[in-house]
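Here is the structure we will look at.
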There are 2 protein chains.
Amino acid sequence: MKLTARKIGAVLKSRGYRLTPQRNAILSAVTASHDHLTPTAIHEKVRREHKNIGLVTVYRTIELLAELGLICEVHSGGNCHSYLLRRPDQHHHHLICSGCGTVADFTSCDLSDMEQKVSRQTGFDINSHLLEFMGLCRSCQKDDRPEGSVSGAK
Amino acid sequence: MKLTARKIGAVLKSRGYRLTPQRNAILSAVTASHDHLTPTAIHEKVRREHKNIGLVTVYRTIELLAELGLICEVHSGGNCHSYLLRRPDQHHHHLICSGCGTVADFTSCDLSDMEQKVSRQTGFDINSHLLEFMGLCRSCQKDDRPEGSVSGAK
DNA sequence: CTGTAAATGAAAACGTTTTTCAACTGCGAG
DNA sequence: CTCGCAGTTGAAAAACGTTTTCATTTACAG
């Protein structure tokens, strides 16, 4: 089940939230992007169409979407406040391209063996984990830029 | 080889950096703690002994230590700018206690199988990963607090 | 001891996130 | 279709966290 702006809108309504033009614009921006976006980046994108939407509204909408589990946070690449539409329903992790910021999903994560081992070694009772992979996506591998010419993922 | 304040001091000198009382105080604070600490937390700790050390100096020292690979950054628990003395020399990961903030190390990390699989699936050329485990350390499991009574790890 | 480059602290500048508040509006009740 | 109000918005201000600037101080090589 892929989330679209429309579907997310329906979720909001069903939860008693209003579907405003501002929220719709933000939903479109987020669902349209394959990158992870910072609040400011979302604001800039949305602004092109929707001139005087406030950055505050972006923050508030992000908070809402995160609460409802509709977006994911990405840590890699220096920026800890970068968001992405939640694509797989299940537990999953992300691969972040350090070239263009594109994010791919990865659902078959099995860390249970490692968790057990670590648990035994340290005595910790583990209840969650954070896992992200960084690298270059197919198209950035081809581009094969000289160095330090990162474009996306500001 | 466990890092002590003294050893880190030696590293700094050998690299041409000066060993000031302020830096020494920060080194002691960091090496003494088993938690991950934010810049502000380090500042507060150091201040107790060294009344008018500036927060700026803490930031500058953290930057220096990170550059030299002597401290690690911890992401879990909401705070993305939290630091910890680097303990194992080798590649390793962290287990963070959500009760008290204590961090344990974990060196036997083998994600290469998973990396290969994901690489094949997505076409990404993976070159690094971020992995952290969260849970309760042995002593916080015993405490078994009601809920929401997190003490450390601000 | 001395000279000098490195380091420090205070203040200001900055960018990001949150709070406040008056004005506006989506949408359900009628 | 209209009305009313709770939910939502934008602007401005406040609150943070981090970086820059600059004059002063200091570690330490010589």
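A, B, ... follow the sequence lines: proteins, then strands. Residue 1 opens every chain.
- Side-chain contact between I26(A) and I62(A) is absent, with no heavy atoms from C-beta onward closer than 4.5 Å.
- Take the nearest nucleotide of DNA chain C for G16(B) and for P39(A): the residue whose nucleotide is more 5' is G16(B).
- If you measure from atom CD1 of I62(A) to atom C1' of dT18(C), you get 13 Å, rounded to the nearest angstrom.
- Within the 4.0 Å cut-off from OP1 or OP2 of dG26(C), not a single side-chain nitrogen or oxygen of Q22(A) is found.
- In this entry the distance linking NE2 of H43(A) with C1' of dA11(D) reads 12 Å, nearest Å.
- Of the side-chain N and O atoms in K13(A), none sit less than 4.0 angstrom from OP1 or OP2 of dG26(C).
- Within 4.0 Å of R23(B), counting heavy atoms only, lie sugar-phosphate atoms of the nucleic acid but no base atom.
- Residue H81(B) has no polar side-chain atom (N or O) positioned under 4.0 Å from OP1 or OP2 of dG17(D).
- In the interface, the side chain of R18(B) is paired with the base of dA6(C) through a donor and an acceptor atom under 3.5 Å apart.
- For R60(A) and dG10(D), a side-chain-to-base donor-acceptor distance below 3.5 Å is present, hydrogens and geometry of angles not being considered.
- Contact check, T57(A) against dT8(D): no side-chain N or O comes under 4.0 Å of OP1 or OP2.
- Using a 4.5 Å heavy-atom threshold, the side chains of P21(B) and H50(B) count as touching.
- Using a 4.0 Å cut-off, no side-chain N or O of T20(A) falls inside it from OP1 or OP2 of dG7(D).
- The side-chain heavy atoms of V74(B) and E132(B), taken from C-beta on, include a pair separated by under 4.5 Å.
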Next item on the list: Go through E115(A) and F133(B) one step at a time and tell me if the side chain to side chain contact (heavy atoms under 4.5 Å, CB included) criterion holds.
Entry: CA-CA 8 Å; E115(A) 280 192 8; F133(B) 290 101; 3.3 Å; yes
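- The nucleotide whose nearest atom lies closest to any side-chain atom of Y59(B) is, among dG17(D), dT8(C), dA27(D), dG17(D).
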